[in-house]
Enquirer: 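Have a look at the structure that comes next, please.
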Amino acid sequence: MTSPIPSWLALLVFATVFTTMFSLGLMLGREQMAAAWQRRAVLAASLFAVWVPVPVAAVICVKLFGIKGVVAAGILLMAISPGAPVSLRRAIEAGGNAAFAPALHLAIVTLAVVTVPVSLAILAAIFGKDLEISPTDVARQVFFAQLLPLGLGAAVRALWPAAASSLEQRLTRITNLVLVAVVLALVVVLWPLLAKVGWTPFVAGIGLTALALLFGAACAGRDAPARPVSAVATAMRNPGLALVIATVNRLPSEVVASVFAYALGLVAVVTAFVAWQGRRAQ
């Protein structure tokens, strides 16, 4: 598959994601491991919500509404690609436990090395397609886009905690602005393909994300501080990982537009959810 995204824009996307994850790493400390252990039952339930209900709902959606081709591919690839880089930030902004959110995110992206190839194999069997991705391909994307910058940020915090706190606040403001600019640039570049795939992946992104928020919140049970974290982590999907799968399997370039349109619908719903949580907290 020849990418419809210019190399300069792809590089800017990677740099923005890397910087975003580095800024989040500046918040990480030993308390995250303690939070994971204290909420291990909620952690397990949240991981289940991430891996099972969302892909199942996506398959039902595609089958029920007769969605086919590149549009269906984009929807399904997003459904099995958890752990978006910005999900950690959104979970914290939603008022979730600031210690539990990183622990859950790290568990999701680390275990994606196993869950994504398995999920893709199941999809291939259901739809009779020859699709595959190796754990190495997944690990490479997760490591360079998320684990490496998170680790670097955590190391800076461990060595210079005061400086890390100040730097994190500045980088957060900068990366939030750059992320908006990157999304707008992608809309302009991908517009011909977006027009070609239509509104279906965008609408699917809205519907499946709303369901995922409900699944995630329900799996957190009565643990109120963990509920928004679980909801956002379940809803957020990783477009970068979905595109790696598409590239490895040489899917048509229109799949990129389908993945991006789903991501736009996702962002709209999660942004509304975070704003609603903020108003509730006030």
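Computed from heavy atoms alone, side chains included, the values below leave out hydrogens, waters and symmetry copies.
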Enquirer: With distance as the sole test, does Ser23 use its side chain to make a donor-acceptor pair with the main-chain N or O of Thr20 at under 3.5 Å?
Expert: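 Such a contact is found between Ser23 side chain and Thr20 backbone.
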Enquirer: Tell me, do Ile126 and Ile122 make a side-chain contact under 4.5 Å, heavy atoms counted?
Expert: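 Yes - at least one pair of side-chain heavy atoms lies under 4.5 Å apart.
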Enquirer: Do Leu264 and Val183 have side chains that get closer than 4.5 Å, going by heavy atoms?
Expert: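 Yes; the side chains approach each other to less than 4.5 Å.
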Enquirer: Does Asp137 use its side chain to pair, donor to acceptor, with the backbone of Ile133 at less than 3.5 Å?
Expert: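 Checking the backbone N and O of Ile133 against the side chain of Asp137, no donor-acceptor pair under 3.5 Å is found.
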Enquirer: Of all heavy-atom pairs between Val229 and Phe100, which one has the smallest distance, and what is that distance?
Expert: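 Minimum heavy-atom contact is CG1-CD2, 3.8 Å.
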Enquirer: For the pair Phe273 and Trp276, name the ring-plane relationship: parallel under 30°, tilted 30 to 60°, perpendicular over 60°.
Expert: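 Plane angle between 30° and 60°, so tilted.
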Enquirer: Consider side chain to side chain contact (heavy atoms under 4.5 Å, CB included). Of Val52, Leu104, Thr115, which one does Leu47 pass it with?
Expert: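 Single side chain to side chain contact (heavy atoms under 4.5 Å, CB included) partner of Leu47 among Val52, Leu104, Thr115: Leu104.
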Enquirer: List the steps and the verdict of side chain to side chain contact (heavy atoms under 4.5 Å, CB included) for Val71 and Val62.
Expert: CA-CA 9 Å; Val71 174; Val62 167; over 6 Å; no
Enquirer: Is Pro102 close to Leu24 at the side-chain level, that is, under 4.5 Å between some pair of heavy atoms?
Expert: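 No; the side chains remain at least 4.5 Å from each other.
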Enquirer: Taking atom NZ of Lys196 and atom OG of Ser258, what is their separation to the nearest 0.5 Å?
Expert: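 Answer rounded to 0.5 Å: 12.5 Å.
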Enquirer: Side-chain heavy atoms nearer than 4.5 Å, only ILVMFWY residues, links allowed to pass through others: does that put Leu64 and Trp199 together?
Expert: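 Yes; tracing contacts between hydrophobic side chains, which count when under 4.5 Å, links both residues.
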Enquirer: Could you give the distance from OG (Ser7) to CG (Leu12), rounded to the nearest 0.5 Å?
Expert: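 So the OG of Ser7 and the CG of Leu12 are separated by 11.5 Å.
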Enquirer: When you compare the side chain of Leu76 with that of Ile80, does any pair of heavy atoms fall below 4.5 Å?
Expert: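 No, side chains not in contact.
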Enquirer: Considering non-hydrogen atoms only, spot the tightest contact between Met78 and Pro239 and give its length.
Expert: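 Reported closest heavy-atom pair: SD-CA, 3.7 Å.
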Enquirer: Look up atom CD1 in Ile206 and atom OH in Tyr262, then write down how far apart they are to the nearest 0.5 Å.
Expert: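 Between atom CD1 of Ile206 and atom OH of Tyr262 there are 11.0 Å.
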Enquirer: Going through the checks in order, is the side chain to side chain contact (heavy atoms under 4.5 Å, CB included) test met by Thr234 and Cys219?
Expert: CA-CA 10 Å; Thr234 302; Cys219 284; over 6 Å; no
Enquirer: Looking at every heavy atom in both Ile108 and Pro82, which two are closest together, and how far apart are they?
Expert: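 So the minimum-distance heavy-atom pair works out to CG2-CB, 3.7 Å.
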Enquirer: I would like to know whether Val187 and Phe260 meet side chain to side chain contact (heavy atoms under 4.5 Å, CB included); could you show each step before the answer?
Expert: CA-CA 9 Å; Val187 169; Phe260 183 64; 3.7 Å; yes
Enquirer: Pick one: which of Ile245, Val244, Leu77 meets side chain to side chain contact (heavy atoms under 4.5 Å, CB included) with Val116?
Expert: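 Answer to the side chain to side chain contact (heavy atoms under 4.5 Å, CB included) test with Val116 among Ile245, Val244, Leu77: Ile245.
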Enquirer: Can you check whether Ala163's main-chain N or O pairs, donor with acceptor, with Ser166's side chain at less than 3.5 Å?
Expert: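 Checking the backbone N and O of Ala163 against the side chain of Ser166, no donor-acceptor pair under 3.5 Å is found.
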Enquirer: Treat each ILVMFWY residue as a node, draw an edge where side-chain heavy atoms are under 4.5 Å apart, and state whether Trp191 and Val13 are in one component.
Expert: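 In one cluster: yes.
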Enquirer: Quick one: does Gln146's side chain have a donor or acceptor within less than 3.5 Å of a partner on Gly83's backbone?
Expert: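 Here the side-chain-to-backbone pair exists.
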Enquirer: Quick check: closest heavy atoms across Pro53 and Phe48, and the distance to 0.1 Å?
Expert: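 Shortest heavy-atom contact: CD-O, 3.1 Å.
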Enquirer: Report yes if some heavy atom in the side chain of Val59 is under 4.5 Å from a heavy atom in the side chain of Val56; otherwise report no.
Expert: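 Contact flag for Val59/Val56 side chains = no.
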Enquirer: Can you name the side chain to side chain contact (heavy atoms under 4.5 Å, CB included) partners of Leu167, sequence neighbours left out?
Expert: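 Partners of Leu167 by the side chain to side chain contact (heavy atoms under 4.5 Å, CB included) criterion, ordered by chain and then number, come out as Phe22, Leu26, Leu171.
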Enquirer: If only atom types and distance count, is the side chain of Asn238 paired as donor or acceptor with the main-chain N or O of Gly240 below 3.5 Å?
Expert: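 Confirmed, Asn238 side chain pairs with Gly240 backbone.
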Enquirer: Has the side chain of Arg237 got a donor or acceptor atom that lies under 3.5 Å from a matching backbone atom of Ala79?
Expert: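 At least one qualifying donor-acceptor pair exists.
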Enquirer: Should Leu159 and Val156 be counted in the same cluster of Ile, Leu, Val, Met, Phe, Trp and Tyr side chains packed under 4.5 Å apart?
Expert: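 Looking at the clustering, Val156 is in the same group as Leu159.
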Enquirer: Kindly say whether Gly221 contributes a backbone atom to a donor-acceptor pair with the side chain of Arg227 at under 3.5 angstrom?
Expert: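 Looks like yes, one N/O pair under 3.5 Å.
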Enquirer: Are the side chain of Ser230 and the backbone N or O of Ala226 linked by a donor-acceptor pair below 3.5 Å?
Expert: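 No.
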Enquirer: Report the distance from atom CE of Met21 to atom CG of Leu150, rounding to the nearest 0.5 Å.
Expert: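 One gets 3.5 Å once the value is rounded to the nearest 0.5 Å.
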Enquirer: In Å and rounded to the nearest 0.5 Å, what is the SG to CD1 distance from Cys61 to Ile75?
Expert: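 Answer for the SG-CD1 pair, Cys61 versus Ile75, is 5.5 Å.
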Enquirer: Please tell me if the side chains of Phe65 and Thr200 come closer than 4.5 Å, counting only heavy atoms from C-beta onward.
Expert: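 With C-beta onward as the side chain, the pair stays apart.
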Enquirer: Shared ILVMFWY cluster between Leu208 and Val232, side chains joined below 4.5 angstrom?
Expert: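 In one cluster: yes.
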Enquirer: Please name the pair of heavy atoms, one in Leu131 and one in Asn249, separated by the smallest distance, quoted to 0.1 Å.
Expert: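 Looking at all heavy atoms of both residues, the shortest contact is CA-OD1, 3.3 Å.
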Enquirer: Quick check: do Pro4 and Leu190 have side-chain heavy atoms less than 4.5 Å from each other?
Expert: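 With C-beta onward as the side chain, the pair touches.
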Enquirer: Assess whether side-chain hydrogen bond (donor to acceptor under 3.5 Å, both in side chains) is satisfied between Thr172 and Glu168, documenting all intermediate values.
Expert: CA-CA 6 Å; Thr172 297; Glu168 186 271 329; 2.9 Å; yes
Enquirer: Would you compute the distance between atom CZ of Arg140 and atom CG of Leu241 and round it to the nearest 0.5 angstrom?
Expert: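 Here the rounded value is 12.0 Å.
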Enquirer: Apply the test side chain to side chain contact (heavy atoms under 4.5 Å, CB included) to residues Leu152 and Phe18: give CA-CA distance (whole Å), side-chain angles for both, the deciding distance (0.1 Å), then the verdict.
Expert: CA-CA 10 Å; Leu152 292 174; Phe18 192 95; 4.0 Å; yes
Enquirer: Honestly, is Lys63 close enough over Phe127, meaning NZ or CZ under 6.0 Å from the six-membered ring centre and within 45° of the axis?
Expert: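 So Lys63 does make the cation-pi contact.
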Enquirer: Count I, L, V, M, F, W, Y as connected when their side-chain heavy atoms are under 4.5 Å apart, and connections chain through other members. Are Val142 and Met236 then in the same cluster?
Expert: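 Yes; Met236 is reachable from Val142 via cluster members.
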Enquirer: For residues Thr209 and Ala235, report the shortest heavy-atom separation together with the two atoms involved.
Expert: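 Reported closest heavy-atom pair: CG2-CB, 3.8 Å.
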